[in-house]
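Encoded as structure tokens, the structure appears first; notes follow it.
If you read the sequence from its start, that first residue is 1, and numbering goes on from there. Any value given below was found using the heavy atoms of this structure, including those in side chains, with hydrogens, waters and symmetry copies removed.
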Amino acid sequence: MTNQVMPRNVERTRSTGPSEVSLVIKYLLFALNVLFWIVGLVMILIGVYAKTQKSLGEIGNTLPWYMDPANLFIIIGSIVFFLAFVGCIGSLRENVCLLRTFEYTIDVLLLLEVAIAVYVYVDREKVKKNVEDVLKDTISNYRDDPDLQSIMDWVQMEMQCCGVAGPEDWEGNIYFNCTNDLNKSGEKCSVPHSCCKDYKTELNAQCAYGIRKPEVSDVERSQVIYTDGCLQKTFDKFLNQDNLILLVCVGGAMVLLQLVTTGLAHHLVDGIRRQKSKWNQPNFRGNQNPGYR
């Protein structure tokens, strides 16, 4: 009777038994990181494109780096891109070192997010003052960077406000300044068009020219431009009871996603270590197979 030779791959499967590494967890973690990797790459490309356009136009060079939205896109995108790349390679190659790096970095970022949230809640007035200072710097550099200008215009039009505390904050911009006799700008004693109530319908970029001149009364001014400050309006809009619940839900979803991701990485590392321990057992039949040495 002829002995039937068992295929080597079948013999290996029977001798080693089921793997301790879950393929579901492995490829789910890989898929999530591919998604994050794409998001990070898109953010980097947007930031690089914005920087390139500003360099070609020779503008935006006078701003501090942390106030340039293009730089923020590049920095945040690079962090997301790097972490996602580490997570992708670590899960695909079952590399414990990379997976641990990924897991611990996510944990640190999560702790920082919680600490920032607690700080903002406990010291709200100080945070509000810091935001006010940043916004006033934005007003000072309004004409120096097209990204800041677009953001400020969008905020003023959507929130129906003008300036940080009111229209007089635009006195801090050299082009809109009303008290400097050396200011020969046509926008002197004005505010940006985004402060105008009828700009969306009339599209008149000169709608607010001279609106801050002393001879213009408060009643006349309030008929043409918004007179409420953007800071308080933004706080009132987003930190009311309805929107606060929405913000908490969104923040909770982001935290949950990070917990799920770091939990998957932790579970995958445990599975890899259990599998390695199984291979290293003296009585493990897989050790007799050259393919597992």
Side-chain heavy-atom pair [X], [Y] within 4.5 angstrom cut-off:
X      : Y      : result
Leu99  : Ile272 : yes
Asn180 : Ile174 : no
Pro192 : Phe176 : yes
Leu83  : Ile106 : yes
Leu135 : Val155 : no

I need the full list of side chain to side chain donor-acceptor pair (under 3.5 Å) pairs touching residues 73-93, with sequence neighbours left out, sorted by first then second residue.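 For residues 73-93, and leaving out neighbouring residues, there are no side chain to side chain donor-acceptor pair (under 3.5 Å) pairs at all.
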Applied to residues 106-115, the side chain to side chain donor-acceptor pair (under 3.5 Å) test, sequence neighbours excluded, yields Asp107-Thr262, Glu113-Gln258
Return each pair, listed once, that meets disulfide (SG to SG under 2.5 Å) where at least one residue sits in residues 118-170; pairs must be two or more places apart or across chains.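 Sorted pair list: Cys161-Cys230, Cys162-Cys195.
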How far apart are the closest heavy atoms of [X] and [Y], and which atoms are they?
X      : Y      : result
Gly163 : Gln156 : N-OE1, 2.9 Å
Leu29  : Asn33  : O-ND2, 2.8 Å
Gly77  : Met43  : CA-CB, 3.8 Å
Ile225 : Lys197 : O-CE, 3.3 Å
Asp153 : Ser194 : OD1-OG, 2.8 Å
Arg221 : Val216 : NH2-O, 3.0 Å

Atom pair [atom1]/[atom2] of [X] and [Y] - distance to nearest 0.5 Å:
X      : Y      : atom1 : atom2 : answer
Thr101 : Ile89  : OG1   : CD1   : 13.0 Å
Leu111 : Ile116 : CG    : CD1   : 11.0 Å
Leu23  : Leu28  : CG    : CG    : 12.0 Å

Run the side-chain contact (heavy atoms from CB on, under 4.5 Å) test against Val118 and tell me which residues pass, sequence neighbours left out.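 For Val118 the side-chain contact (heavy atoms from CB on, under 4.5 Å) partners, ignoring immediate neighbours, are Val114, Val122.
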Which residue pairs satisfy the ring-ring contact (aromatic ring centres under 6.0 Å, His included) criterion with at least one member in residues 76-108, sequence neighbours excluded?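 Of all non-adjacent pairs touching residues 76-108, those that pass ring-ring contact (aromatic ring centres under 6.0 Å, His included) are Trp37-Phe81.
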Determine, stepwise, if the pair Thr138 / Ile151 fulfils side-chain contact (heavy atoms from CB on, under 4.5 Å). CA-CA 10 Å; Thr138 303; Ile151 292 172; over 6 Å; no
What residues, two or more places apart in sequence or in another chain, satisfy salt bridge (charged side-chain N to carboxylate O under 4.0 Å, His left out) together with [X]?
X      : value
Glu220 : none
Lys136 : Glu132
Asp270 : none
Lys188 : none

Which ILVMFWY residues are connected to Val255, directly or by a chain of links, through side-chain heavy atoms under 4.5 Å apart?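 Result for Val255 is Leu110, Leu259.
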CA sep, side-chain torsions, deciding dist, call: Tyr142, Trp170, side-chain contact (heavy atoms from CB on, under 4.5 Å): CA-CA 10 Å; Tyr142 176 77; Trp170 287 101; 3.5 Å; yes
Hey, are Lys128 and Glu125 close enough for a salt bridge, meaning a charged N less than 4.0 Å from a carboxylate O?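 Looking at Lys128 and Glu125, the cut-off is not met.
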Hey, does the side chain of [X] reach the backbone of [Y] with a donor-acceptor pair shorter than 3.5 angstrom?
X      : Y      : value
Ser140 : Asn173 : no
Asp169 : Ala165 : yes
Glu171 : Thr179 : yes

Anything under 3.5 Å between a donor and an acceptor, one on a side chain of residues 247-254, the other on a protein residue two or more places apart or in another chain? List them.
none

Any residue meeting disulfide (SG to SG under 2.5 Å) with Cys189, in chain and number order, not counting sequence neighbours: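 Disulfide (SG to SG under 2.5 Å) list for Cys189, sorted by chain: Cys178.
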Test side-chain contact (heavy atoms from CB on, under 4.5 Å) on Lys126 and Lys129; report intermediate values, then the result. CA-CA 5 Å; Lys126 186 175 181 180; Lys129 180 64 171 61; 5.5 Å; no
Apply the test side-chain contact (heavy atoms from CB on, under 4.5 Å) to residues Met152 and Ile139: give CA-CA distance (whole Å), side-chain angles for both, the deciding distance (0.1 Å), then the verdict. CA-CA 8 Å; Met152 195 67 192; Ile139 286 178; 4.0 Å; yes
Does atom CZ of Phe73 have more than 12 heavy-atom neighbours, drawn from other residues, nucleotides or ligands, at distances under 6.0 Å?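 At most 12 heavy atoms, drawn from other residues, nucleotides or ligands, come within 6.0 Å of this atom.
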Looking at Tyr27, I'd like to know if its OH atom is crowded, meaning that more than 12 non-hydrogen atoms belonging to other residues, nucleotides or ligands lie closer than 6.0 Å. no
